[in-house]
Amino acid sequence: MQLKRTLSVVTCSILAASIVTADDYVRLQYIYYDEDSGRTSVSTPAMEINKDFGVDYTLNVSLVYDSLSGASPTFVDASSGATATVSDGAVYKNDIRFADVDYADKRKSVGVAFTTRFASRDALTVGANFSNEYDYRSYEASAEYLHYLDGSKNQSVSLGASYQKNDVSVYCSLGTDICDTSSGASEKIMDLDVISLEVGFTQTIDTTSQIKASLFYIAEDGYLSNPYMRVVRDYDSNPKITPEKKPNSRKSYGLFLQYAKALNDRLAFVSSYRFYRDDWDIMSHTVNGEFYYEQSSALTLGAGLRYYRQNEAEFYNGRRDYFTTEIYASSDRRMSGYNALNYTVSIDYRLNDKISLNASMSYYDQLDYFDAVYYGMGLKYRF
Amino acid sequence: MKREMSMRFMILSLLVICSGCSIKDVKPWEKATLAKESMKEGGGNVLLTRFKHHIYFSKEGSKGGGGVSGGGCGCN
């Protein structure tokens with residue numbers, strides 16, 4: 001009788017563990033992103049596969065294909081046309097325009113992550129990412145260790161690190177000063193190395209709420225300029241359109257806080273705050289809030305709002321009559337000070353135990369600069 | 001200076017809020033609500049969340065805080 005009871009407890013535990021941890025699925029997602037005034041549009045089909053091997057191992061694979069087209073704003077010489085490969089040199093003041101330069105690109109990326117759970121249920125996840133574009137290639141290796149501080153797994157700490165190696169193809173026709181024009185080379189491959197570190201802490205507060213806090217540090221070293229971005233120098237004396245120049249290193253750090261709370265059986269709230277600062281003098285604050293309402297066991301509705309604010313980099317200026325002989329100079333608007341808002345509504349419909357469908361619409365508004373709408377639709381198949 | 005002050009105030013406020021939280025010893029079988037997808041950013045839709053972060057990364061001047069993995073992109 002005692003043996004029977006013990007066996008049934010063990011069986012129940014194993015079943016419960018399987019129910020809790022088995023998370024085998026394939027997710028297909030399509031996203032279409034479109035900026036106003038015919039600027040950037042992106043078409044992105046993506047796929048994710050997640051497979052548990054018992055309760056100790058999980059494999060996650062994701063594939064993403066981005067097809068981009070549109071235009072990006074920078075200074076151009078109107079007399080020679082607004083193209084990305086416009087030659088630099090002296091120009092007439094009246095020919096200088098801040099205009100959209102056409103571009104197109106395709107980006108393919110693959111990510112793999114493998115998680116191993118130990119007897120203590122601590123987990124080690126190792127991952128690799130690779131992406132390839134027309135003029136950019138990126139390799140990344142990462143590892144994250146999760147350690148539970150108590151038997152009920154209500155408290156955990158994590159430590160993550162990644163190393164990224166990027167190859168940037170800079171075409172000599174873009175007029176940057178990194179090409180040895182006497183060699184006749186048409187392009188030069190520039191390195192960009194990125195090291196990221198993150199330390200996290202998670203605390204379960206009660207049966208309906210949880211907090212997470214993490215500190216992150218990112219060190220970038222290499223070619224951080226955008227070879228397509230231009231600045232105007234010596235506008236008042238001898239105006240020239242020249243490539244922008246950003247520093248070759250950037251150190252940034254920040255704090256991320258997240259709080260998730262189920263307000264009742266149907267309504268959940270997920271909020272977060274991020275503080276960021278770097279040695280380019282950019283500081284930013286990001287606040288994000290999302291509500292999810294389970295209308296029924298099949299239908300979940302979501303709504304979210306994100307607010308972002310940053311101040312400008314020390315070498316940024318958007319005026320055409322500002323730069324003269326400064327070493328670092330950029331008129332890239334992403335380096336300026338601005339606010340941005342992102343609104344999202346979503347719907348998730350569970351057809352049956354195996355299949356869920358989702359659709360979402362988001363509106364991103366970078367105040368004073370541009371806005372964009374993006375739509376997502378997807379399917380999740382559990383197996 | 002004003003920004004530094006507001007930042008310190010924000011961190012202090014969060015610490016005060018969290019210090020008021022009454023932390024309970026939640027047993028594994030009581031975590032059904034916490035395990036719901038609606039308790040995760042993006043409602044658990046990892047691909048959509050990654051795409052959003054990709055937009056923010058390529059259109060804004062800062063990044064980080066969402067984990068160390070993510071891959072590079074020629075969009076800086």
Side-chain angles (χ1 to χ4, degrees), chain A residues 27 29 31 44 46 48 109 111 127 129 131 133 135-136 138 140 142 144 152 154 160-162 164 166 168 196 198 203-208 210-211 214 216 218 224 226 252 254 256-257 260 262 268 270 274-276 282-284 292 300 302 308 310 313 334-335 346 348 358 360 364 366 376, chain B residues 2-4 6-8 10-11 13-15 17-18 20-76:
Chain A
R27 190 189 286 278
Q29 194 76 31
I31 300 150
T44 303
E48 180 198 9
S109 73
N129 280 284
S131 71
E133 296 168 50
D135 52 3
Y136 203 93
S138 177
E140 183 187 82
S142 64
E144 184 174 357
S152 299
N154 289 325
S162 72
Q164 202 181 89
N166 302 280
V168 189
S196 299
E198 193 165 311
Q203 172 73 57
T204 299
I205 298 169
D206 54 34
T207 56
T208 61
Q210 199 167 44
I211 55 167
S214 59
F216 60 92
I218 304 167
L224 284 161
N226 184 321
S252 47
F256 177 78
L257 299 169
V270 183
R274 184 188 71 176
F275 168 74
Y276 169 95
I282 292 179
M283 182 163 74
S284 74
Y292 293 97
T300 302
Y308 176 80
Q310 76 170 47
R334 292 170 297 184
M335 298 289 106
S346 64
D348 191 282
N358 72 75
S360 66
Y364 179 76
Q366 205 168 90
Chain B
K2 208 172 177 183
R3 280 195 180 123
E4 294 282 336
S6 62
M7 189 59 221
R8 281 177 196 159
M10 222 176 288
I11 291 171
S13 305
L14 284 164
L15 288 173
I17 290 166
C18 289
C21 300
S22 144
I23 294 170
K24 292 177 182 159
D25 181 24
V26 180
K27 299 299 177 192
W29 55 86
E30 296 176 314
K31 292 185 178 177
T33 300
L34 296 170
K36 282 183 178 178
E37 294 200 324
S38 57
M39 292 289 281
K40 296 171 189 162
E41 184 189 1
N45 189 334
V46 176
L47 291 176
L48 191 61
T49 302
R50 270 189 212 155
F51 185 83
K52 278 186 176 182
H53 286 283
H54 191 72
I55 290 173
Y56 305 145
F57 167 70
S58 60
K59 299 291 173 188
E60 297 173 349
S62 61
K63 60 185 174 182
V68 292
S69 169
C73 155
C75 38
N76 61 317

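The sequence lines fix the lettering, A, B, ..., with proteins before strands; numbering per chain opens at 1.
- Of all heavy-atom pairs spanning A:N129 and B:S69, the tightest one is ND2-OG, 3.1 Å.
- Interface remark: A:S196 contributes backbone and side-chain atoms alike to the contact with chain B (heavy atom separation under 4.5 Å).
- Under the salt bridge (Lys or Arg N to Asp or Glu O under 4.0 Å) criterion, the residue pairs touching residues 42-65 of chain B are A:E35-B:K59, A:E220-B:K63, A:R306-B:E60, with sequence neighbours excluded.
- Closest heavy-atom contact between B:G42 and B:T49: CA-OG1, 3.5 Å.
- Only the side chain of A:Q366 comes within contact range of chain B, with at least one heavy atom under 4.5 Å from a heavy atom of that chain.
- If you measure heavy-atom distances from A:S346 to chain B, you find no contacts under 4.5 Å at all.
- Atoms CG and OG1, on B:L47 and A:T44 in that order, are 10.5 Å from each other to the nearest 0.5 Å.
- Here B:K31 pairs with nothing under the salt bridge (charged side-chain N to carboxylate O under 4.0 Å, His left out) rule; sequence neighbours left out.
- The candidate with the highest count of non-hydrogen atom pairs below 4.5 Å against chain A, out of B:M39, B:H54, B:K36, is B:M39.
- Formation of a donor-acceptor pair under 3.5 Å by the B:E37 side chain with backbone atoms of B:N45 is not found in this model.
- Contact count versus chain A (heavy atoms, under 4.5 Å) is highest, among B:G67, B:A35, B:A32, for B:G67.
- Here A:S152 is the residue among A:S152, A:S360, A:A46 with the most heavy-atom pairs under 4.5 Å with chain B.
- Highest contact tally toward chain B, considering only A:V168, A:D206, A:N166, is held by A:D206 [criterion: heavy-atom pairs under 4.5 Å].
- A tilted orientation is assigned to the rings of A:Y364 and B:Y56, their planes being inclined by 30° to 60°.
- Using a 4.5 Å cut-off between heavy atoms, A:T207 contacts chain B through both its backbone and its side chain.
- Only the backbone of A:A161 comes within contact range of chain B, with heavy atoms under 4.5 Å apart.
- In this structure a side-chain-to-backbone donor-acceptor pair under 3.5 Å is present from A:S138 to B:G72.
- Only the side chain of A:Q164 comes within less than 4.5 Å of a heavy atom in chain B; its backbone stays farther off.
- Contact count versus chain B (heavy atoms, under 4.5 Å) is highest, among A:Q210, A:M335, A:Q29, for A:Q29.
- With a 4.5 Å cut-off on non-hydrogen atoms, A:S252 does not touch chain B at all.
- In this structure, the portion of A:R274 lying under 4.5 Å from any heavy atom of chain B is its side chain and not its backbone.
- The most heavy-atom pairs under 4.5 Å with chain A, out of B:E30, B:E41, B:K40, come from B:E41.
- The shortest distance between side-chain heavy atoms of B:L48 and A:I31 falls below 4.5 Å.
- Annotation: maximal heavy-atom pairing with chain A below 4.5 Å, among B:S62, B:S38, B:G43, B:G71, occurs at B:S62.
- Ranked by heavy-atom pairs under 4.5 Å with chain B, the first of A:Q203, A:R27, A:E133 is A:R27.
- Considering every non-hydrogen atom in both B:G65 and A:S214, the closest pair reads O-OG, 4.2 Å.
- Proximity to chain B (any heavy atom under 4.5 Å) is shown, for A:S162, by both the backbone and the side chain.
- For a residue to count as touching a neighbouring chain, one of its non-hydrogen atoms must lie under 4.5 Å from one of that chain's; by this rule A:N154 touches chain B with backbone and side chain alike.
- Taking each heavy atom of A:Q310 and A:S284 in turn, the nearest pair found is CB-CB, 3.8 Å.
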